[in-house]
Structures are given as structure tokens and as C-alpha cells.
Colleague: 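Dumping the structure here so I can ask a few things about it.
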Amino acid sequence: GDQGVRSHIVVEQAPMLTKDAGIVVRDRSTAELSLVSACTETPGPFFPSPVRDIVETRQRLHIAPHQALLVQDIDGRTEILSGANPPARIAGNCDNTTGKAVAGGFAFFLPPLSRVVRMKWSDYSKPQEKAANLTTTPQLQTSTRRRRTSKSRVVLAQEWDQKPETWLVGGDYDPIADLWVNRGTGGNVSDVVRSGAVAVSTTGSNAPTAQLVSLVGGASTVLELGSFPSSSRWTLCSLSRYTGGSKRSVIAAPGGWAHGHYRGFAGVARYGYNTTDMISDIIRPDTEWVPMCSTSGKAPDNVRVYDMELGVNPGESLPLDKTKTSRSSPERPSRLFVNVDRYDASDFALAEVIVWNTELSYTEVTEVMDYFRARLNDAATYIDQAGSEDAQLSDVPRKDVTGIDLRTQKAFYKFQVRTSDNLRMILDGTIFWQVEDPAAMLATTSDPEGDVWSKCRSVLLDAVSRVAFRDFMSTSSELLEQAYQDSRNDTFWTERGLSLVGLEMSSFEPIDARTIVDLRTLVAQRVERIVKLTKQTSESEVRRVKIAADIALESNRTSLIQVKAENTRLEAQTRGATEGERQARGVAAFISGLASMFPAASMLPVELYEHYIILASRARQAQVLFNGRADVFIKPKATNVSLLLPVDSEAPALPRTLQPKAEALPMLPPPP
């Protein structure tokens, strides 16, 4: 029988070793944890030796070139791993190429008992719908209860297809009111502690790899978890573990009823006369968390731990009665307790209890197991930064930060400010900032984004309070630039390992009614002025174009006149040259002919030609004179002519001496 049990466990717990999946194992003799990966073992199914137990499977973590990771070991020592400057050697890097990556970044396995520090930052990555009225003292949101686990993303993101009636999460317990807030459809559980003491803590004796916030108590602590569903169809799931030397039952009920732990074994159950098939440790070591679900259905899948189907069978006493082979449903208790029997009590930690008043299907139980795995993996991989859940500004959302982004980040702001003339308005804009020194940042602040936002708020409040509203409207850009330049040189940034990259304002809006009216009037005046200026500009543009066209026209006219004058000059010059050439030919012919006719002429040829021209001119004048219609008046003394007047019959005839004498004129050739 024992061999059958061991063989079954080995087959179920033979995980695969791959390049991205490692296994944490515990040595039974020394209780030491070690990491087994494809770096040290042959990839494939991993079978632990008889002295080693598989604790968990771990995935390799990848750090991008622009990321930094804070890793904390079991002793609280922290190390910053930056993708921009990969370490020369780190456990879990099978390729051993961290220092050779051109673009940076690397991957590694998280060592056992080491976890990534998870921070809680203010989230200003989305534009704010409502302006923060920070001209008054900000209200702080505090809580008397530590509810870190109940705020984890795994719990908050979980949505059940069927709502449980009872869903108790360790971080939801209020030790002051002794009230366990129920996330299910039922009422809260009051008066939880019946005797002894209980603490809400992530630690305890024999700390497991996954540090869950849970209710931690001793063997003398008795808790009542409320009534069990009255329906005959039910489902019970829990997450619990042993913490000390007293190891009997944890979740139990009167009548020999135990769920998850029984008689020192982890991962077993007894429901009255029905017990699980295996009376041995299903979870090793037995101080690790036991995720168990049981339903009112039939064996073998009515009791499960992870993917192992344990089933129950009827047995009147332990060990099992091997002669009975029939299977039946687990018995239903009336109420649930922890350490209900002082002779069957344990040192325990209880993280979750979930009860449905219906029988979940196999697929739905698998969903519950996947949820438990996610919770355990999250708790084994991450640890919340101390102080990150403390007081914060009300209405400010928070976000989980596991990898620090070393690139420029953006935060939106929207808050009230006052000008020097006491006018209120809302500023809306964007802040650009960057983490330059992660070590300095982690040493000085737990919320860098909140610090950046608050610092920029104070800078803008101070800058705006120094100017009047009218001056702010005309010089807002210069004012913002000056505030940015003054702030970036502040030691505030270097002390925190941060830098202010940019400060922008997208809009401002007055709040006071009188200011809004005045602003609207001013805007209307400015709009009217802009309209008039636009109209005047348009008219001036039209006139400018017209003047330019007129200038071009007149310029063309000037060019036309100049061209015409030049053409006229050229025509006259051409005519003159032609006439002169003709006259020159005539002169040459005259002189040549004269020389041939009168070779011994005493007068010079030029003087003869001049005389000839004078005579020809007179002949033309006389011809024109007497052939025209003009009246001719002749002075006798100046003219050597004779006039023949009509003979009057009564008048005597003139004497012959008064008659004009015909004087022969020399015949000259016509002028050329």
C-alpha cells in the first residue's frame, strides 16, 4: 500500500525542466532549498531523489533593456538588476550572455527565498476627470486594518462564474472588531476568535516560499468560520498550512471532520466516516500551503489537491479499511471551525476559505486550483515594499509596479490654482519625468510618481500666485517655461534619482462666475478685434494686389513708349540714310558730268552745285506759288517782273515801254 502511494505521488509531481521553467526542491535532511533548472540538469521530466521534495515550479524572469528590477532575499538584502547594465553573472542565466547583449536585457531564475519587490505608486498615467482641490489641506486615506493581500491584483482580478456564498481572505480580517469581511454573497463573519489569539501576518514559523497574508494562530487558538450551507450539494475550498510542532487538524468540524490536514499529514482529509485514499503527505514539506477542494460529488474527483484526485471512501477508523471498496460522498458539517477539538489542534496559518452552496463541476474546481496557483506564485515571486500601502491622497488611484521603467514617463495633472488677484482657475497639462538612478529613488521614496506630481503642483502653484490673471493669460507660456527651468535645477530631483524632462499646460479654466463673465467679454473683444484685423488685412491685400497690377501696367506702358520712340528713331535714321545716299549720288553725278562738259571751268564744282540748288529751289517756289490758290502780292520794287493786265476798252493802252520783257532763264537740269 505504501509503495502504491509513493508511486502515485512521484508520477503526479514529475514536472518538466525547460529553458524557461525551473524547480525549487527541498532537502529533507537539511531543509535547504535549491533551484534545479536546465542550466544544471538535463531538460525533460524531473524526478526528485527520495531525500528531496519538490516545492514549486518557477518561470524564468525577463528584464527588458529599459527596465530595472529590485530583488530581495530572505535576509532582507536587496539588489537592483538593470536591463541597461546586465550583471556579468547571475544565477539562472543558462546562456551566460548577459554582458554580451547588444540591446541590453537578460533573463534569469529567481533564487529560492528571493522575491521581486512590488511597489505601490500613485497612478497619474490617465487624464483626470476631476480637478484636485489642493489649495486646502489634502485628506489622507488611512485604514486601521492592514489589507495588503486583499488588495493584491490576483484577488481583485478574480471573477467566479458562480458566486460563492462565503469567501474569506486572510487580509480582510479586522482584528480590532474581530470581524472577517465576507467577499461572497453571504454576511460577514463576526466573533471569529473563540479562544486564544490570532494575528494577521505574512510570516510564521517554518515560513513557506509563498508569503501570504493569513490568520496565524497556535494550538490554543479556536476560530469559528460560520455556518456551512444547508444544501445537500456543496463545495469547500481552502488554503491553509502547518506552522509549528502541533500538527493535527486545521479546518475541522465536530464528529471527526477535517479538511486539508489530519493527524500530521498535509493534503489529506476526513469527512466523518469518509477519508481520502492516501493517508500520507501529499504536500511536502508539510509546512507548505495546501490548496484543497472537496465537493458533495462522488469519488475519485470529489477531493482534489492541485490536479491530484484523492477521492474518499467509507471507513470507520484509520488506517483505511481495505475490505471496503464502495465510494460515497463526503459528509456535510453544520459549522466550520479551526482547532475545534483541543486534542486535535494545530499551529496553523489560514489564508482563504471559500464555500459554495452548490456542487462545482470538474472544470470549475480546476478554475479554483488555477486561482490558488496564481496566488501562491504571486506571493512566492513578489513582496510588497514596506510603506507602499500607507496613507495616500484620497481619490488618487494606485498601481502595482514590479519593473521600474527607465524611459521617459508621462503623468497628467489637473488641479486648482490662485492668481495674485485671488482668482481661481483649473490648470490641465502633462508632466514628463524619468528615473535616472533607481538606487537613489528606492532609498528616498516609495512613491516617485506621487512625489513628481506633488512637486510640479507646488511649482505651478507658486508660479501662478505671482502674477495677475490678465498677465497670466498673456504670458502663460513664458511663465510655464520659467517655472520648468527653475524647478529642474532643484536638488529635489537629484536626491530622488529623478529628472524633470518637460512640463506642459494644455488648458486653463477659471472657476469664479465673475471671472468667467469677464473672460467671455474679453474673449468676445479679442474675437471682434481678430475679425476686424482679418477684414482689414484682406482689404489691404486686395489694394496691394491692385497697386501691384497698376504698377505693372504702367511699367508696360513705359516700355511700350520707349520701344515706339526707338522704332521712330530707327525709321528716321533709316530714311535719312536713304535720302542722304540718294543726294550723295546726285551730287557725285552732277560734279562728274560738269567736269566732263566744262573741263576748264573756273568755278569750283561745289560752288556750281550750290548755285544750282538755289536756282532749283526758287523754281519750285515759283511753281508752287503760281499753281496754287494762294493770293500773291508782289512788290514792284522788289520783283523784276512785268504784269499784263486786262485791257479796258475805255482805258488807254499802256506804252510799250511799260510792258514786261521776257527774259530768258538758263535751262538747268532738274535737281537730283
Side-chain angles (χ1 to χ4, degrees), residues 143-152 154-156 158 160 162-202 204 212-231 233-241 243 249-255 257-261 269 271 289-296 332-342 344-358 360 368 371-372 375:
S143 174
T144 58
R145 297 186 294 121
R146 303 286 298 203
R147 299 183 58 184
R148 289 177 291 182
T149 303
S150 62
K151 293 181 181 295
S152 80
V154 178
V155 175
L156 295 177
Q158 182 61 35
W160 305 106
Q162 295 195 49
K163 297 290 185 180
E165 182 177 355
T166 302
W167 184 11
L168 304 178
V169 181
D172 289 338
Y173 174 71
D174 184 355
I176 297 177
D178 192 18
L179 178 71
W180 204 338
V181 177
N182 182 11
R183 291 177 176 266
T185 59
N188 297 332
V189 180
S190 58
D191 299 327
V192 176
V193 180
R194 292 306 179 124
S195 65
V198 71
V200 180
S201 175
T202 57
L212 294 177
V213 174
S214 57
L215 273 65
V216 180
S220 61
T221 302
V222 178
L223 306 180
E224 183 174 355
L225 306 180
S227 60
F228 202 75
S230 58
S231 172
R233 302 176 63 84
W234 52 268
T235 302
L236 170 63
C237 296
S238 65
L239 199 56
S240 58
R241 73 179 186 92
T243 60
S249 300
V250 178
I251 298 177
W257 201 90
H259 176 85
H261 298 82
Y271 306 106
W289 292 103
V290 176
M292 176 176 279
C293 282
S294 61
T295 70
S296 55
R332 179 182 59 83
S334 58
R335 301 183 70 80
L336 291 178
F337 296 87
V338 173
N339 291 344
V340 64
D341 187 350
R342 61 178 182 151
D344 203 24
S346 304
D347 298 326
F348 70 93
L350 182 61
E352 286 201 39
V353 177
I354 312 176
V355 180
W356 284 265
N357 58 359
T358 185
L360 296 185
V368 179
Y371 163 71
F372 283 155
R375 284 219 57 196

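If you read the sequence from its start, that first residue is 1, and numbering goes on from there.
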Colleague: I'd like to know if the side chain of S190 and the backbone of L179 have a donor-acceptor N/O pair within less than 3.5 Å.
Modeller: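 Flag not set: sc S190 to bb L179 has no pair under 3.5 Å.
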Colleague: So how far is it from W257 CH2 to S334 OG, rounded to the nearest 0.5 Å?
Modeller: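 Separation between the atoms: 10.5 Å.
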Colleague: Looking only at heavy atoms, which two atoms of V200 and G170 are closest? And how far apart?
Modeller: CG1-O, 3.9 Å
Colleague: Is there a donor-acceptor pair under 3.5 Å between the side chain of D347 and the backbone N or O of A219?
Modeller: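 At least one qualifying donor-acceptor pair exists.
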Colleague: Report yes if the side chains of W160 and V368 come closer than 4.5 Å at any heavy-atom pair, otherwise no.
Modeller: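 Touching, per the 4.5 Å side-chain cut-off.
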Colleague: Where do V169 and R375 land on the side-chain contact (heavy atoms from CB on, under 4.5 Å) test, with the steps shown first?
Modeller: CA-CA 11 Å; V169 181; R375 284 219 57 196; 4.0 Å; yes
Colleague: Which pair of heavy atoms, one from G217 and one from T243, lies closest together, and at what distance?
Modeller: O-OG1, 4.2 Å
Colleague: For residues G218 and F348, report the shortest heavy-atom separation together with the two atoms involved.
Modeller: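 Answer, listing the atom of G218 first, then F348: O-CE2, 3.8 Å.
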Colleague: Taking the ring centre of each residue, are W289 and F372 less than 6.0 Å apart?
Modeller: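 Ring-ring flag for W289/F372: false, centres at least 6.0 Å apart.
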Colleague: Using a 4.5 Å cut-off on heavy atoms from C-beta on, say whether the side chain of Y371 contacts that of V154.
Modeller: yes
Colleague: Counting C-beta onward and ignoring hydrogens, is there a side-chain heavy-atom pair between V198 and P175 closer than 4.5 Å?
Modeller: no
Colleague: Assess whether side-chain contact (heavy atoms from CB on, under 4.5 Å) is satisfied between F228 and R335, documenting all intermediate values.
Modeller: CA-CA 5 Å; F228 202 75; R335 301 183 70 80; 5.9 Å; no
Colleague: Could you tell me whether the side chain of T221 and the main chain of G196 form a donor-acceptor pair under 3.5 Å?
Modeller: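 Looks like no, no N/O pair under 3.5 Å.
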Colleague: Please find the pair of heavy atoms, one from E165 and one from N182, that lie closest to each other, and give the distance.
Modeller: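 Minimum heavy-atom separation between E165 and N182: O-ND2, 3.1 Å.
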Colleague: Do L225 and W180 make a side-chain contact, defined as non-hydrogen atoms from C-beta onward lying under 4.5 Å apart?
Modeller: yes
Colleague: If you take all heavy atoms of L212 and A351, which pair is closest and at what distance?
Modeller: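 Taking L212 first and A351 second, the nearest heavy atoms are CD1-CB, 3.9 Å.
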Colleague: Do the non-hydrogen side-chain atoms of D174 and V181 ever get within less than 4.5 Å of each other?
Modeller: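 Answer no - side chains too far apart.
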Colleague: Find out whether D178 and Y173 are in side-chain contact, i.e. whether some heavy atom of one side chain is under 4.5 Å from a heavy atom of the other.
Modeller: yes
Colleague: Under the side-chain contact (heavy atoms from CB on, under 4.5 Å) criterion, do L236 and L336 qualify, and how do the steps go?
Modeller: CA-CA 10 Å; L236 170 63; L336 291 178; 4.1 Å; yes
Colleague: Around atom CZ of R342, are there more than 12 heavy atoms from other residues, nucleotides or ligands closer than 6.0 Å?
Modeller: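 Check fails, neighbour count at 12 or below.
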Colleague: Go through the steps to decide whether L223 and V193 satisfy the test side-chain contact (heavy atoms from CB on, under 4.5 Å), and finish with yes or no.
Modeller: CA-CA 5 Å; L223 306 180; V193 180; 3.8 Å; yes
Colleague: Decide yes or no for V155 and R183: does some side-chain heavy atom of the first lie under 4.5 Å from some side-chain heavy atom of the second?
Modeller: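 They are in side-chain contact.
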Colleague: Can H261 and S346 be counted as having a side-chain donor-acceptor contact under 3.5 angstrom?
Modeller: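 Note: H261 and S346 side chains miss the donor-acceptor criterion.
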Colleague: For a side-chain hydrogen bond (donor to acceptor under 3.5 Å, both in side chains) with H259, tell me which candidate from S240, S238, S249 qualifies.
Modeller: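 The side-chain hydrogen bond (donor to acceptor under 3.5 Å, both in side chains) with H259 is passed solely by S238 among S240, S238, S249.
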Colleague: Ignoring hydrogens, what is the shortest heavy-atom contact between G260 and V290? Give both atom names and the distance.
Modeller: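 Smallest interatomic distance, heavy atoms only, reads O-CG1, 3.9 Å.
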Colleague: Please confirm whether the backbone N or O of Q162 pairs with a side-chain atom of W356, one donor and one acceptor, at under 3.5 Å?
Modeller: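 Side chain of W356 to backbone of Q162: a pair is present.
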Colleague: Is N339 reaching over with its side chain to a backbone N or O of V222, donor-acceptor style, under 3.5 angstrom?
Modeller: no
